[in-house]
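Below, chain A is the first sequence line, B the second, and so on; all start at residue 1. These numbers come from a predicted model, not from an experiment.
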Protein chains: 2
Amino acid sequence: MADLAKLAGVSKITISRALSDSPLVNVETRERLQELARKHGYKLNVSARNLRLRRSHTVAVIVEMKPSSGRTMWDPYPLSLLGGISQELTSAGYSVLLTTRQGAADASVQSADGLILLGQGVRQDAVRLYDKLGMPMVVWGAAGQGGDSHIVVGSDNRQGGISVAERFLSIGRRNPVFIGNPDHPEMAQRLFGFVDELADHGIKPLLLRRADFTLESGVDAVRSLHSRKVRFDAIFACSDLLAMGAIRALVELGLSVPNDVSVIGYDDTPLGASFLPPLSTVRQNWQEGGVLLARKVLALIHSQPVQSQMMATTLVVRST
Amino acid sequence: MADLAKLAGVSKITISRALSDSPLVNVETRERLQELARKHGYKLNVSARNLRLRRSHTVAVIVEMKPSSGRTMWDPYPLSLLGGISQELTSAGYSVLLTTRQGAADASVQSADGLILLGQGVRQDAVRLYDKLGMPMVVWGAAGQGGDSHIVVGSDNRQGGISVAERFLSIGRRNPVFIGNPDHPEMAQRLFGFVDELADHGIKPLLLRRADFTLESGVDAVRSLHSRKVRFDAIFACSDLLAMGAIRALVELGLSVPNDVSVIGYDDTPLGASFLPPLSTVRQNWQEGGVLLARKVLALIHSQPVQSQMMATTLVVRST
DNA sequence: GTGAAAGCGCTAACAT
DNA sequence: ATGTTAGCGCTTTCAC
């Protein structure tokens, strides 16, 4: 800036003002100086600005990246979430600092202006840990997770469960089964919605606990149902992969989907859509979730009032 | 630091040295000061340090995040790549700045110490654009892509193609088909390897161009082969999804896999492994790729000699 | 509408 | 082994 100032015959501060579009500086001068800066390939020193402004203009995103439990690492979802986050923060002039749990102790994370936690669903301890940092923080997950201490954005899992129950009821199913892991807060919400809605109609679903969200796990679940001679005519699986596994096992057992057993999955993955038969499922909008997460941290950072928010889910009825 | 210094009765610089584990300062003092800092919740101001040190300790990762062409956005791969990158950079004390193309013009990206380009495969213009920034840059992609102007890390797609050809030859296939998009540099390499190896045995495969890497696209490809009455006994599909679609279509046409037609996919997605029948495929190690990308930028940043590197792929023979 | 001065928090260079 | 000085590049006072 000093160099540009000398070149243009003005002072440093005028350059600074011109480049930040300050109305304090004459329009012509402003444009002249901006042109000059461009011509000379001037680049703002972000560290210097941040030092002076006492903020980093950075939001750290902490992702659970363990390739475990058939989730996170391998699922498409965190990336679309990241896409939404990145899009929104970038257009607000903020940077996205990507970290895993290991890197979260790093100074650069600590000096971020805000924090977004992704895929920490099962690990409430982690949430509490970051909470102590005392910085604006938003978590992706289930409603009510961790109390009021921080903002949560997620899709309305409870409503998702309800919509599946409604569907089963409307097509006259009386013996539904839930496959999933209720230890996971998001899944628990789906289960609660499912159970409550069915209870209103005097139906109590069977809960089949499965920790993995893999195809094999779905196959296994149905086989175990069969070997226990359980009577069932509908399955709500907590992931598309589980649902596809379930369908495969059903077909192998000579049962027809959806005639004998109706199956609904969760997530609306591209794969479920092109499965044979095309999978019915509950869709959540990851991209939008990312955008929302970003907006909430920004609001927190700017000390604006913020509330947790659950996004509506859509039941996509295809052929199962 | 000034506060800590006053508290401890030493000078600022001693604090600075103690906290950065400088051997210049007495071990006891060092530990005492570190303890003091911890107790008082001192946090290093990263901006100030970076300003002083005239570097940002940051590497920008630019991801092509368009949810197009059945790739990138929805595929698991960029995330595992990111996992590897993040892991390696973090442990080297660098931060990962995540951006999309839109955000790449941002000042914070420009003041990064290095650049990693992901999923820019098809868009060579993009690579050239960033090249102009003149910062240490590493690209994920195919060998030789864009000349010597920058470092490329990728899996050895050519070798991947060769290994598939070898497999087909070893089981006596004489009429192989390639399904994929040769406009994509990485796919082109697979095709070249495939074609060259087969040519050594007097076989010329049929090229079936498909732009999308979706299941439908695979189905469609096989149907078109059939309707054109083409004789074929082996398919090399450029993605697992394509391969699965192909197999589905083959089965529908009453052909047996692998008896009538052998099929090999690419990527070794978890889904292919649990497909029925389990999919044979070419595996590439994304995580390791990420680590490698990170190491190369770091080396470039530290002005060490760096070379492009292609990672070996593994042919995973399952049931197709 | 423009400028001068001051200082954000840190560390390299040079004393001591 | 520790301290002093100076300055990284920027922007917010306050003055003109």
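- When rounded to the nearest whole Å, the span between CD1 of B/I15 and P of D/dT4 equals 13 Å.
- Between the side chains of B/D113 and B/S56, at least one donor N or O lies within less than 3.5 Å of an accepting N or O.
- Nearest to the side chain of A/L51, among C/dT11, D/dC10, C/dC8, sits C/dC8.
- For the pair A/L24 CG and D/dT11 P, the computed distance is 13 Å after rounding to whole Å.
- Distance A/R49 CZ to D/dC8 C1': 16 Å, rounded to the nearest Å.
- In this structure, A/S47 reaches neither bases nor backbone, as no heavy-atom distance under 4.0 Å exists between it and the strands shown.
- One cannot find a donor-acceptor pair under 3.5 Å joining the base of C/dG7 and the side-chain atoms of A/R54.
- Closest to the side chain of B/A48, from the set C/dA4, C/dG9, C/dT2, is C/dG9.
- More than 12 heavy atoms of other residues, nucleotides or ligands lie within 6.0 Å of CD in A/Q304, so this atom counts as buried by the packing criterion.
- Side-chain atoms of A/R30 stay outside donor-acceptor range of the base of C/dG1, with no qualifying N/O pair under 3.5 Å.
- Nearest to the side-chain atoms of A/R52 among the listed nucleotides C/dG3, D/dT4, D/dT11 stands D/dT11.
- Atom-to-atom, NZ of B/K12 to C1' of C/dA12 comes out at 13 Å; the value is rounded to the nearest Å.
- Using a 3.5 Å distance cut-off with no hydrogens or angles, the side chains of A/T269 and A/D267 do not pair a donor with an acceptor.
- For B/T29, a side-chain nitrogen or oxygen approaches OP1 or OP2 of D/dT2 to under 4.0 Å.
- Judged by distance alone, the side chains of B/Q34 and B/D21 do bring a donor and an acceptor atom under 3.5 Å apart.
- A/R55 places its CZ atom 14 Å from the P atom of C/dG9, with the value rounded to the nearest Å.
- Checking C/dA4, C/dT2, D/dT4 against the side-chain heavy atoms of B/I13 singles out D/dT4 as nearest.
- B/E35 pairs with exactly one of B/R38, B/K39, B/R32 by the salt bridge (charged side-chain N to carboxylate O under 4.0 Å, His left out) rule, that one being B/R38.
- Here the P atom of nucleotide C/dG9 and the CE atom of B/M1 are 11 Å apart, to the nearest Å.
- Summarising the geometry, the separation between CG on A/L4 and C1' on D/dT11 is reported as 16 Å, rounded to the nearest angstrom.
- Taking atom CG of residue B/N50 and atom P of nucleotide C/dT11, one finds them 10 Å apart after rounding to whole Å.
- Summary of the strand contacts: B/L53 and B/R17 both lie near DNA chain D, and taking for each the nucleotide with the nearest heavy atom, the more 5' one is attributed to B/R17.
- In this structure, A/T14 reaches the C/dG3 phosphate: one of its side-chain N or O atoms is under 4.0 Å from OP1 or OP2.
- Contact check, A/S16 against D/dT11: a side-chain N or O comes under 4.0 Å of OP1 or OP2.
- When the side-chain nitrogen and oxygen atoms of A/Y42 are compared with OP1 and OP2 of D/dC10, one or more of them lie within a distance under 4.0 Å.
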